[in-house]
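Report on one structure; see the data block that follows.
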There are 2 protein chains.
Amino acid sequence: MQATKARTRDADATKSRILAAAKAEFARLGLGGARVDEIAEKANANKRMIYHYFGNKEDLFIAVLEDAYLNIRTAEQELQLDNLPPDEAMETLIRFTWDYYLEHPEFIRLVNSANLHKGKHLKSSQNVVEASRTYVAMIQNILDRGVEAGLFRPNVDAGQLNITIAAIGYYYLTNRFSGEILFERDYMTKAALDDRLAFNIDTIMCLLRRV
Amino acid sequence: MQATKARTRDADATKSRILAAAKAEFARLGLGGARVDEIAEKANANKRMIYHYFGNKEDLFIAVLEDAYLNIRTAEQELQLDNLPPDEAMETLIRFTWDYYLEHPEFIRLVNSANLHKGKHLKSSQNVVEASRTYVAMIQNILDRGVEAGLFRPNVDAGQLNITIAAIGYYYLTNRFSGEILFERDYMTKAALDDRLAFNIDTIMCLLRRV
DNA sequence: ATTAAGTAACTAACTGGTGCGTTACTTGGT
DNA sequence: ACCAAGTAACGCACCAGTTAGTTACTTAAT
């Protein structure tokens, strides 16, 4: 068996095509809105294979969420922020978070879907919990180093900061449709995106800077 | 016809029971997940009445969104923030926004649903657009008075500020399910809620305060 | 008497899930 | 090297339950 040659039967390839198609469809329409038949067609796989590999629609959703979260947690770790001065590390993290949301719009939509269902489909993903622990520890480390270096004020909660860094990017992007309509404002032009990122960096830096 | 006596037939009452039931169901399960039969049953109305008064499921969703947005915009105006000093007005607005999200969890969920569908169901609601214009003007006014009084720094964009005030409360609450699981943290205890509100007020005040 | 409010039964299209059979690939005995 | 037997990948056709929307009718209010 050659790994390079496209095989007529390849369990791994089929499985990952299904996962990718499911991710796109669940992101687009939510758990309830996505159709198993449509996922099968987009994956170029038979519907039967979805049930063969993933059991049922909800378990497929669980697999999609797990994959999406592990992807972002991995990317965050690859930033190697511990090697940067704390203020630079913080700005890099804000930029990264923003860019990641922009480049992976499906991630935001999947998180929204997971929360519409009250997190039910995340409860079994202990590996994501562990990856998230590492992530918060990383933020805590940046904060500690910043305080020690006299750059940041002390006693800022790393958990709250983490939530706020996500919030100011995430909310802007996920609710841009209602925002564009109701506030009669461009959200997605290059200029608008640059403005928002700058505003967000400013927000966090004002919060952290020693006074 | 006596308005006080419960009539066996009352178009307005039936219509508003349907709207209330639809709001609850759309908030709970989204546009795709909510069931018209279930809405009819919860409203104590016949399903046919939904089609009679609202046309179809999507138009009912439009009516629900419009009602939800007009409710919050009305409540915001009733704050009379123009009578308060700018720093107090700002803090009052942050508290109000937070409390409103807490007391009207269905609002957040409806906005999420509207954005899952790319705002399609808001496009016809010109009255909400107008109410939103008034709202941003109110924030701009607080900002202007704050700058003039030497309390706030100049050139902070009212639109961005508006988005951020919403974001830091909204994101915390809408994504609390994934947050509680992945970050192993209480989100909804009295202490946690108080902490978050204090953190959010601090965030905005740091951003606005003259340096 | 007329009109509007309300109801129940129905339907056509859909939807998650499955039973059952087929085909490609692997393995181990010779 | 060959082949028979076993296994995993795959596909067709269908079901049972659901769902948005409708038809045809009854009943209360003015």
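Proteins get letters first, then strands, A, B, ... in listed order; numbering begins at 1 in each.
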Nucleotide [N], atom [atom2] - distance to [atom1] of [X] in whole Å:
| X | N | atom1 | atom2 | result |
| --- | --- | --- | --- | --- |
| Ile18(B) | dG21(D) | CD1 | C1' | 15 Å |
| Arg17(B) | dA5(C) | CZ | P | 13 Å |
| Met49(B) | dT7(C) | CE | P | 7 Å |
| Asp12(B) | dA4(C) | CG | P | 14 Å |
| Leu29(B) | dA20(D) | CG | P | 11 Å |
| His52(A) | dT22(C) | NE2 | P | 18 Å |

Exercise. Looking at Tyr171(A) versus Tyr171(B), is the centre-to-centre ring distance below 6.0 Å?
Worked result: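 No.
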Exercise. What residues, two or more places apart in sequence or in another chain, satisfy salt bridge (charged side-chain N to carboxylate O under 4.0 Å, His left out) together with Glu66(A)?
Worked result: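 Glu66(A): no salt bridge (charged side-chain N to carboxylate O under 4.0 Å, His left out) contacts found.
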Problem set entry | Asp186(A): partners by salt bridge (charged side-chain N to carboxylate O under 4.0 Å, His left out), with sequence neighbours left out |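 Asp186(A) satisfies salt bridge (charged side-chain N to carboxylate O under 4.0 Å, His left out) with no other residue.
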Exercise. Restricting to pairs with a member in residues 33-68 of chain A, which pass ring pair (Phe, Tyr, Trp, His ring centres under 6.0 Å), not counting sequence neighbours?
Worked result: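 Every pair satisfying ring pair (Phe, Tyr, Trp, His ring centres under 6.0 Å) with a residue in residues 33-68 of chain A: Phe26(A)-Phe61(A), Phe61(A)-His121(A).
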Exercise. Under 4.0 Å between a side-chain N/O of Tyr53(A) and OP1 or OP2 of dA8(D), yes or no?
Worked result: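 Answer no for this pair, as no side-chain N or O of Tyr53(A) is under 4.0 Å from OP1 or OP2.
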For this session: Using a cut-off of strictly less than 4.0 Å, decide whether Thr14(B) has a side-chain nitrogen or oxygen near OP1 or OP2 of dA5(C).
Result: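 False: Thr14(B) side-chain N/O out of range (4.0 Å or more) of dA5(C) OP1/OP2.
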Exercise. When every nucleotide of nucleotides 11-18 of chain C is labelled 5' to 3' by its protein contacts under 4.0 Å (heavy atoms), B for base, S for sugar-phosphate only, - for none, what sequence of letters results?
Worked result: ----SBBB
Which donor-acceptor pairs under 3.5 Å do side chains of residues 90-101 of chain B form with protein atoms, sequence neighbours excluded?
unit_1, atom_1, unit_2, atom_2, d
Glu91(B), OE2, Arg95(B), NE, 3.3
Glu91(B), OE2, Arg95(B), NH2, 3.0
Thr92(B), OG1, Glu88(B), O, 2.7
Thr97(B), OG1, Leu93(B), O, 2.8
Tyr100(B), OH, Ile72(B), N, 3.4

For this session: Could you list the residues that satisfy side-chain hydrogen bond (donor to acceptor under 3.5 Å, both in side chains) with Thr164(B), not counting sequence neighbours?
Result: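 Partners of Thr164(B) under the side-chain hydrogen bond (donor to acceptor under 3.5 Å, both in side chains) test: Arg196(A).
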